[in-house]
Amino acid sequence: MPVRSLGSPHRSGPSPQLAETPELRSALSWFTKNLAWINDQQIRITEIPAPPFQEAARASVVKTLLAESGLNVQIDKTGNVIGELPGANDKEIVMLTAHLDTVFPPGTDVKVRREGERLSAPGISDNGTGLAALVSIARAIQESKIRPRRTILFVADVGEEGEGNLRGMRALVEAYRARLKAALVLDGSGTDHVTTKALASRRLEVLITGPGGHSWSDFGMPNPINALVRGSIRFINTKVPANPRTTFNLGQIEGGTSVNSIPYDAKLKVDIRSESEEELGKLESALRESISAGVRDEMESSRDRSKGKLDWKIDVLGTRPGGELSPNSPLLAALRAADDYVSNQSRIERSSTDANIPLANGIDAISIGAGGTGGGAHSLQEWYEPSGREMGLKRALLTLLGISGIAEEKAK
Ligand SMILES: [Zn+2]
């Protein structure tokens, strides 16, 4: 058989040249032969709850799965599962990652329901698909006895969602910074996009406190919920630009103890995002001004200020830095070559993912879906359909090996 090269020679950037060896063909066909196993692992992983900061049970199952494929696996002190496949050159590392955590609180029913082809459960796609792909790609490479040129780390990381604040990826970049050449992040399903631009975001928590009292006898006293509502209405009337795209979301509200008590506190969590750091800064200032004005309005309209006043503060729960992959990056060239090989087309996207951290540190990173089709992410109606997932798995494997390279000499 002629040795075919993956990647088009006329490409302008540095293009990975993967020879289509019997080992590579065997790795690519592994997925088609093991589709039932891949679906089973996705269901098994999804049915282990992984609320934010409680990923340990799921981590230990993924650790076992990676170890069964022959990798040397450890869990670092942050909770990340790291399976190492030594390359011919162990001074350089590439990472394939999928986040372990979900947005769902403890107690959420995560039992997977099957209706025909469709699998439904919270977290089935985000990130059951990515985790199933991670363990499958590790197996496909190991069973085909491919030895990479650069060391590959197969990583299931913690803390991608919400208040996790990307702590798993922050720890990984911190630990491997000097040797880390690229990170390929698997997040959710699909093959239609490649995230090369990191969306900057901040998560803020507003807290307003006051003396509290009885709804009837203390009427007229300043009320923290009233102040929060007054401030929130001001804030949601803030005009944000369509370009650079800038968004806000009032995501969670809490406060008070009973219907007939003047509450002593009120809390609000707000997520703000922008393609521009400057707009992000403006929006955070708008929130501070709005809340300050809401508190002032409530104080001014209260009849009884003798029993105390309102205090307020805004804490930053998390920030995600922005960044962008260079259009000439070898990682993007590897992805494009993989797209060509599997006859896929994908569009560049900007989003907030684990790739934000390496990108903000000047390390090449992209985030892609791991194939199949999914929907309803972050909702209880989340679903996944595996049909066609082989294409996404091949695309991810070819991108990974395109950037790690394959050593001339075979693995033992
Ligand atoms: Zn995700």
Side-chain angles (χ1 to χ4, degrees), residues 41-43 45-55 58-59 62 78-81 95-105 108 110 112 119-137 154-173 183-201 203 249 251 271 273 318 320-321 346 349-359 365-386 389 392-393 395-396:
Q41 301 321 305
Q42 182 164 349
I43 292 168
I45 292 167
T46 303
E47 289 184 340
I48 305 165
F53 301 97
Q54 296 175 52
E55 299 101 333
R58 184 177 285 189
V62 174
T78 311
N80 298 310
V81 184
M95 275 191 327
L96 181 69
T97 75
H99 69 84
L100 285 161
D101 55 318
T102 69
V103 295
F104 304 101
T108 304
V110 289
V112 177
L119 306 173
S120 300
I124 184 74
S125 174
D126 179 16
N127 194 21
T129 312
L131 290 164
L134 178 80
V135 298
S136 304
I137 292 168
F154 294 89
V155 179
D157 62 307
V158 296
E160 193 272 342
E161 301 284 6
E163 287 160 40
N165 200 28
L166 310 182
R167 73 183 190 288
M169 186 56 91
R170 285 178 208 266
L172 291 162
V173 168
L184 174 57
V185 174
L186 300 172
D187 201 344
S189 50
T191 51
D192 58 345
H193 74 279
V194 49
T195 299
T196 63
K197 302 175 187 201
L199 181 63
S201 70
R203 283 97 198 259
N249 184 54
D271 165 289
R273 302 179 181 216
R320 296 178 172 212
S346 55
E349 262 189 8
R350 183 187 296 272
S351 172
S352 177
T353 69
D354 263 338
N356 281 49
I357 300 299
L359 285 173
I366 55 176
S367 175
I368 59 174
T373 334
H378 296 194
S379 82
L380 297 175
Q381 288 72 44
E382 188 171 347
W383 58 271
Y384 178 70
E385 288 182 6
R389 80 182 311 164
L393 292 165
R395 176 180 183 239

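Atoms within a ligand are numbered from 1 in the order they appear, just like the ligands themselves.
- Under 2.8 Å from the Zn ion (ligand 1) lies no N/O/S atom of Glu160, from backbone or side chain alike.
- The residues Glu161 and Arg167 are annotated as not salt-bridged, no charged nitrogen and carboxylate oxygen being separated by less than 4.0 angstrom.
- Taking the N/O/S atoms of Asp187 in turn, the shortest distance to the Zn ion (ligand 1) belongs to OD1.
- Side-chain atoms of Met169 and Val185, non-hydrogen and from C-beta on, do get closer than 4.5 Å to each other.
- Annotation: side chain of Arg350 is not in contact with side chain of Arg273 (no heavy-atom distance under 4.5 Å).
- Not a single salt bridge (Lys or Arg N to Asp or Glu O under 4.0 Å) links Arg170 to another residue, sequence neighbours left out.
- Atom OD1 is the N, O or S atom of Asp126 at the shortest distance from the Zn ion (ligand 1).
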